[in-house]
Amino acid sequence: MKTIKKIKEFTLLAESIRKRGKTIGLVPTMGFLHEGHLRLIRMARKQCEVVVLSIFVNPAQFGPGEDFEKYPRDINRDRHLAEKEGVDYVFYPAASEMYKSEHKTFVEVEGLGDIMCGAYRQGHFKGVATVVLKLLNITKANRAYFGEKDYQQMMIVKRMVDDLNVDVEIVRVPTVREEDGLAMSSRNRYLDRKERENAGILYKCLNKAKDMIKGGEKNLRVVRTEMIKELEKNRYISRVDYIEFRNPLNLQEISEAGESGRSILVAVAAWIGSTRLIDNMVIKL
Ligand code: PAJ
């Protein structure tokens, strides 16, 4: 396994791999790898001849006052885990390599980037879309792997590559969870013991929605009220940003079960202490 920090070097390498007719699978991450990331890597390993893991804590997707500085980082541990999973190349650029001082171009996915998490984290998805497009261009990936844990992100990336005719297949990977249902995330590291013990509540509350909807409840406002009640019962939940019901195919809002056909995306963003967590579930009717 080789680690490459320079864009030019990576691009030349990617060109030679493509010339030899081999498929490149890219797993974009911000590092501090966990089982969720590893699942993406394993899927790439199965489907592609050359697997590239990118590790880049992208400053452009963090707002002022967010956790860019304190975001957990451990490149040596990440490299070790990546090597065990059979990654071929780690792309690990510096921020100054990715964003030259004269950088002026950003990608905005209208309508999808400013709803849900985008409404609470202004500019976040503009930073995500921009860095993902850059990573796709640099690595010349045939396939790129994204987790359903960040459902909105995955949909935005899919929309972007379709709209901008980027020749890559976006592969989605189901959410990997801890035993109590908490979706794995590098940010779980911020939780103290008590907060961690209570963090399974998000998944519990998604299951509550699932039970109600499967049990015949059509009015999603009623479902939302019950979910909020469930969250507010827990004193470690300091704030709920949103609970939303969306069409999983296009993220359009729905207010009644059955309206979007067969499936409903239920998405939640809530704070445990000073840590913001997100989760979601697609409920098939
Ligand atoms: P990061 O949070 O490191 O996540 C990298 C990829 O791993 C994303 O596609 C994310 O959805 C996926 N992932 C994270 N936790 C997961 C879980 N529990 N189960 C399944 N997949 C999971 O998302 C980002 O980085 C960045 O925004 C990035 C796309 C790299 C752009 O900077």
Side-chain angles (χ1 to χ4, degrees), residues 1-19 24-33 37 40-41 44 50-76 78-79 82 87-110 112-114 117-118 121-146 150 152-170 186-187:
M1 189 183 79
K2 197 172 169 199
T3 302
I4 294 174
K5 293 184 168 188
K6 295 291 172 203
I7 293 173
K8 187 80 204 157
E9 186 184 350
F10 206 99
T11 307
L12 290 172
L13 167 76
E15 261 165 30
S16 79
I17 296 169
R18 290 285 290 247
K19 262 199 207 122
I24 302 176
L26 170 67
V27 180
T29 77
M30 300 204 296
F32 209 71
L33 303 182
H37 296 119
L40 269 62
I41 295 173
V50 176
V51 175
V52 177
L53 171 73
S54 67
I55 299 179
F56 179 59
V57 185
N58 172 33
Q61 69 187 75
F62 290 80
E66 289 189 358
D67 56 345
F68 175 68
E69 267 87 29
K70 74 165 191 179
Y71 196 86
R73 296 163 168 90
D74 191 342
I75 184 65
N76 289 330
D78 287 351
R79 280 174 38 77
V87 168
D88 297 294
Y89 298 99
V90 176
F91 180 54
Y92 178 57
S96 56
E97 177 75 3
M98 287 295 272
Y99 298 103
K100 304 269 180 253
S101 54
E102 60 270 27
H103 187 104
K104 288 276 184 269
T105 310
F106 294 88
V107 181
E108 265 187 277
V109 181
E110 291 179 2
L112 297 184
D114 45 14
C117 283
R121 303 184 68 191
Q122 250 111 58
H124 169 66
F125 287 115
K126 175 173 148 186
V128 169
T130 303
V131 83
V132 170
L133 183 57
K134 284 167 73 68
L135 291 167
L136 292 173
N137 284 336
I138 293 163
T139 61
K140 309 200 184 308
N142 301 79
R143 298 196 183 90
Y145 295 79
F146 289 85
D150 302 284
Q152 184 178 11
Q153 167 171 281
M154 179 192 79
M155 294 300 285
I156 286 172
V157 169
K158 273 180 185 275
R159 186 77 264 136
M160 172 186 74
V161 301
D162 209 20
D163 288 351
L164 300 182
N165 311 96
V166 186
D167 190 14
V168 65
E169 180 192 343
I170 302 302
S186 307
R187 288 192 167 100

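If you read the sequence from its start, that first residue is 1, and numbering goes on from there.
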| field | Pairwise side-chain contact, H124 with Q152, heavy-atom cut-off 4.5 Å (strictly under) | value |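 Heavy-atom side-chain distance check fails, nothing below 4.5 Å.
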| task | Please examine the side chains of Y145 and I41, heavy atoms only from C-beta on, and report whether any two atoms are closer than 4.5 Å. | result |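 I41 does not reach Y145 side chain to side chain.
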Determine yes or no for a side-chain-to-main-chain donor-acceptor pair under 3.5 angstrom, with [X] supplying the side chain and [Y] the backbone.
X: E97; Y: I7; value: yes
X: S16; Y: L13; value: yes
X: R18; Y: K140; value: yes
X: D74; Y: F32; value: no
X: Q122; Y: G63; value: no
X: H103; Y: T105; value: yes
X: Q153; Y: V128; value: no

| message | Please evaluate residues V52 and F10 with respect to the criterion side chain to side chain contact (heavy atoms under 4.5 Å, CB included), reporting the C-alpha separation (whole Å), side-chain torsions for both, the decisive distance (0.1 Å), and the verdict. | response | CA-CA 10 Å; V52 177; F10 206 99; 3.4 Å; yes
| said: Cation-pi check for F146 against K158: NZ or CZ below 6.0 Å from the six-membered ring centre and within 45 degrees of the axis, yes or no? | reply: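 Cation-pi check for K158 and F146: fails.
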Say you draw a straight line from [atom1] of [X] to [atom2] of [Y]; how long is it, rounded to the nearest 0.5 Å?
X: R159; Y: L164; atom1: CZ; atom2: CG; value: 10.0 Å
X: L53; Y: T29; atom1: CG; atom2: OG1; value: 4.5 Å
X: S54; Y: K134; atom1: OG; atom2: NZ; value: 12.5 Å
X: D88; Y: M1; atom1: CG; atom2: CE; value: 9.5 Å
X: M98; Y: F56; atom1: CE; atom2: CZ; value: 5.0 Å
X: F91; Y: T139; atom1: CZ; atom2: OG1; value: 8.5 Å

| request: Take R187 and Y71 through the side chain to side chain contact (heavy atoms under 4.5 Å, CB included) test and state the conclusion after the steps. | output: CA-CA 8 Å; R187 288 192 167 100; Y71 196 86; 3.9 Å; yes
Can you name the closest pair of heavy atoms from [X] and [Y] and give their distance?
X: A129; Y: V107; result: CB-O, 3.7 Å
X: A141; Y: V168; result: O-CG2, 3.5 Å
X: A82; Y: V90; result: CB-CG2, 4.4 Å
X: S186; Y: H37; result: OG-CE1, 3.6 Å
X: I156; Y: G113; result: CD1-CA, 3.8 Å
X: Y89; Y: V87; result: O-CG1, 3.3 Å

| Between D114 and F125, does a side chain to side chain contact (heavy atoms under 4.5 Å, CB included) hold up when you go through it step by step? | CA-CA 8 Å; D114 45 14; F125 287 115; over 6 Å; no
| query | Hey, mind stepping through M155 and V109 against side chain to side chain contact (heavy atoms under 4.5 Å, CB included) and telling me if it holds? | reply | CA-CA 10 Å; M155 294 300 285; V109 181; over 6 Å; no
| said: Quick check on Y92: does its OH atom have over 12 non-hydrogen neighbours (other residues, nucleotides or ligands) under 6.0 Å away? | reply: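 No, not enclosed.
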